[in-house]
Amino acid sequence: KLEHLVGDRFKERPADCQVDSHALMVRGGYIKYVANGIYSSYPPLKRVLKKLEQIMREEMDALDGQEVQFPVVMPASLWAESGRYESIGKELLRFTDRNGADMVLGMTHEEAAVQLVREYAGTYTKYPFMIYQIQTKFRDEARPRAGLIRVREFTMKDAYSFHTSQEDLDDYYEKCHKAYERIFARAGVPEVISVASDSGMMGGSVSHEFMLLTPIGDCGYKANREAAESILEPVENAPSQPLTKVHTPGMHTIEEVCTYLHADPKDSAKAVVYQTNNEDKYVVLFLRGDLEVNETKLTNFLGEEIHPAVITEECGLHAGFIGPANLSGDFTVLYDRSLEGRNNLCAGANETDYHYTGVDMQRDVPGAEYHDFAKVVEGGICPCCGKKSIHISRGIEVGNIFQLGKKYTEPMGMTYTDRDGKSRVPIMGCYGIGVGRLAAAVCEAHHDDYGPIWPKAIAPWQVHLCAVRADNEEVHAFADTLYNTLQEKGVEVIYDDRSVSAGVMFSDADLLGVPLRVIVSPRNLKNGVVELTARDKSFSATAPTADAADAILAKLAE
């Protein structure tokens, strides 16, 4: 009964909730804030999560997956084997136990997966196989936000497959891709699409994210912005002008310089400076003045983490006046391909208060190599169809899959003996879905101003039974009987027989988002009917009281 449901519901939108799903889950009694990026779940959300987990289990079992359980706490030595103990930053929570041993809280479980099966899978006859778990994890996010969409503590379904050939991994990867599409369709968000993505700290060469977003592009090309290739329309250059030094006192930014020189930012070269995390070595990246650096592409190219540089007088760089022509010093210098073949550019002159005009990259920066370091832009050229059709949409990542290759098996010493008696290293795939984030994404995709509109497959209950004027003996008696009948028929019912106004009752029903609402009231009983309405307002009907249970079952079947 709703009267005994733990958790409060209220009308006012909390001031600190920036996205709708966060606000509705707080208002509807789904989550309770505990600490930054950490929440407890009330019964309605727990029921939603349980149903999502069951869908995932069914789809993983259908792929011959075997459910296991990894520990939340692991020794640091396990992560040291893979090399990630040192390579991952503060997102990995490290601590020391009472015995002085270095430990970590699991933010992902590749190392644990390899450790579990590396002795078992010592021969080719054991392959292929997949193990999966549904487990709590902790990632010490710097900026948790948006309720369950970006948290520090979260529950994930993560699966790990092991193979003896790339062909076998490719085949299984495709099967998992299709299984993920089924999971999202069954969860009520068939509009989730897969996009090519960057593998990030997970490693590997092939990866996809599953994003809840609007359709993009003209030809079906889809990619995460971190991984999308930046292709720009070629610029027709006028005859090269001589390299000329111009006095630009106090002009540090591209906007200031271009305004002062009456130049378009597209006809400028700007410098963005980083330092490597390990040795603080300076990395100077030049790109077109109107573009932004894609730090993921830069990190992948360098093979190490970076941070914005602290430019000192001793380093040899002149902040705000750095340019590609006549630059010298102990730096790693890189060039984005937006500058390839360009001339008549304005750029820093590597001298305080001076810039160059007439920079010709081929003439003034001979031997420069160009790579893709820029963020893709709206209206950019699609790498698939060649049209100026790139459209950028925001989305929620609800799942990801990776081909890891030997990223973890090789450094952790996992081998098997093949048919010829030779020792080989197996290859891996991994497949993850954030359970709480998926629930929040469904809520974000399917709600109105009054509350979530849960799809039947994952709704906390199937029927919301409202006894309006429960103080009326006839109403209460009929509603009680109907409640018991539906339960006997296996229907999940939340029953509201509180002595509250119809407005309060229906407001709470909206916040709980149950697909089918059944209203028993004095007026309805006087007319010999009960009222059936859909939470999504797709229908409103009545059914004779004598046939109420059957009518409800028929509507649920629809």
Side-chain angles (χ1 to χ4, degrees), residues 56-72 74-75 77-85 87-88 104 106-135 137 156-183 194 197 199-210 399-434:
M56 295 176 199
R57 282 191 171 95
E58 290 172 5
E59 292 294 343
M60 293 299 99
D61 291 346
L63 294 175
D64 295 325
Q66 301 178 62
E67 187 168 4
V68 298
Q69 188 82 56
F70 300 124
V72 176
M74 290 170 278
S77 58
L78 192 60
W79 283 62
E81 286 187 50
S82 70
R84 288 206 297 179
Y85 186 73
S87 66
I88 290 181
V104 302
M107 57 190 289
T108 181
H109 281 82
E110 284 73 20
E111 287 84 357
V114 172
Q115 191 269 346
L116 181 70
V117 299
R118 60 184 167 188
E119 285 84 18
Y120 158 80
T123 173
Y124 75 94
T125 59
K126 302 288 190 180
Y127 295 83
F129 63 92
M130 184 267 273
I131 53 178
Y132 75 93
Q133 66 163 354
I134 299 176
Q135 167 71 288
K137 302 177 188 290
M156 275 197 72
K157 188 286 302 174
D158 49 325
Y160 306 92
S161 65
F162 294 80
H163 309 267
T164 58
S165 71
Q166 183 62 45
E167 292 76 16
D168 192 52
L169 173 57
D170 289 342
D171 179 65
Y172 198 80
Y173 188 86
E174 182 59 29
K175 290 178 180 177
C176 279
H177 192 287
K178 286 183 168 58
Y180 269 41
E181 291 175 339
R182 290 193 297 272
I183 288 171
S194 70
S197 67
S199 299
M201 69 169 186
M202 303 296 292
S205 57
V206 178
S207 59
H208 289 82
E209 289 176 353
F210 290 82
N400 48 53
I401 57 178
F402 303 87
Q403 288 194 18
L404 299 174
K406 300 177 183 178
K407 166 77 175 178
Y408 298 93
T409 53
E410 192 164 58
M412 295 185 69
M414 182 175 180
T415 61
Y416 68 93
T417 303
D418 70 9
R419 292 176 182 272
D420 300 323
K422 295 181 179 179
S423 181
R424 305 285 187 186
V425 176
I427 56 178
M428 288 177 67
C430 77
Y431 320 88
I433 296 178

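- Within the 3.5 Å criterion, the main-chain N or O of Tyr431 finds a donor-acceptor partner in the side chain of Lys157.
- A pairwise comparison of heavy atoms in Ala121 and Met414 identifies CB-CE, 3.8 Å as the closest pair.
- Judged by distance alone, the side chains of Thr108 and Glu110 do bring a donor and an acceptor atom under 3.5 Å apart.
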Output side-chain donor-acceptor pairs under 3.5 Å for residues 57-65, partner residues at least two apart or in another chain, one line each.
| from | atom 1 | to | atom 2 | distance (Å) |
| --- | --- | --- | --- | --- |
| Arg57 | NE | Glu67 | OE1 | 2.9 |
| Arg57 | NE | Glu67 | OE2 | 3.2 |
| Arg57 | NH2 | Glu67 | OE2 | 3.0 |
| Glu58 | OE1 | Arg186 | NH1 | 3.2 |
| Glu58 | OE1 | Arg186 | NH2 | 2.5 |
| Glu58 | OE2 | Gln54 | NE2 | 3.2 |
| Glu59 | OE1 | Arg182 | NE | 2.9 |
| Glu59 | OE1 | Arg182 | NH2 | 3.3 |
| Glu59 | OE2 | Arg186 | NH1 | 3.2 |
| Asp61 | OD1 | Tyr132 | OH | 2.7 |

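- With sequence neighbours left out, the ring pair (Phe, Tyr, Trp, His ring centres under 6.0 Å) criterion links Phe210 to His177, Tyr180, Phe184.
- Contact annotation: the side chain of Phe162 never approaches that of Ile427 to less than 4.5 Å [non-hydrogen atoms, C-beta and beyond].
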Given ring-ring contact (aromatic ring centres under 6.0 Å, His included), test Phe129 with Tyr127 step by step and report yes or no. CA-CA 5 Å; Phe129 63 92; Tyr127 295 83; 5.6 Å; yes

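- In this structure, Ile401 and Glu209 have side chains that are not in contact, with every pair of non-hydrogen atoms separated by 4.5 Å or more.
- The list of salt bridge (Lys or Arg N to Asp or Glu O under 4.0 Å) pairs with a residue in residues 413-428, not counting sequence neighbours, reads Asp418-Arg424.
- Distance alone, capped at 3.5 Å, is enough to place a donor-acceptor pair between the His109 side chain and the Pro71 backbone.
- Note: Met428 CE to Met130 CE = 12.0 Å, rounded to the nearest 0.5 Å.
- The shortest side-chain heavy-atom distance between Gln69 and Ile134 does not fall under the 4.5 Å cut-off.
- Nearest heavy-atom pair, Lys406 versus Pro426, reported as atom, atom and distance to 0.1 Å: CG-O, 3.9 Å.
- Partner of Tyr173 under the side-chain hydrogen bond (donor to acceptor under 3.5 Å, both in side chains) criterion, chosen from His163, His208, Gln403: His208.
- Considering OG of Ser207 and CG of Asn400, their distance stands at 8.0 Å, rounded to 0.5 Å.
- In the model, Tyr124 has no side-chain atom that pairs as donor or acceptor with a side-chain atom of Thr417 under 3.5 Å.
- Residues Tyr160 and Cys430 come closest through the heavy atom pair CD2-CB, 3.6 Å.
- Residues Ile433 and Met56 form a side-chain contact, since some pair of their non-hydrogen atoms from C-beta on lies under 4.5 Å apart.
- Side-chain contact between Arg84 and Glu111: present, with at least one pair of heavy atoms (C-beta onward) separated by less than 4.5 Å.
- Between the Gln133 side chain and the Phe70 main chain, a donor and an acceptor come within less than 3.5 Å of each other.
- Listed here is the closest heavy atom pair of Tyr408 and Ser82: CD2-CB, 3.9 Å.
- In this structure, a donor-acceptor pair under 3.5 Å is absent between the side chains of Asp158 and Gln135.
- A 4.5 Å side-chain heavy-atom check between Tyr416 and Thr409 finds every atom pair outside the cut-off.
- Of all the heavy atoms in Arg118 and Glu81, the pair that sits closest is NH1-OE1, 2.8 Å.
- Residues Ala80 and Tyr85 share a closest heavy-atom pair of N-CB, 3.7 Å.
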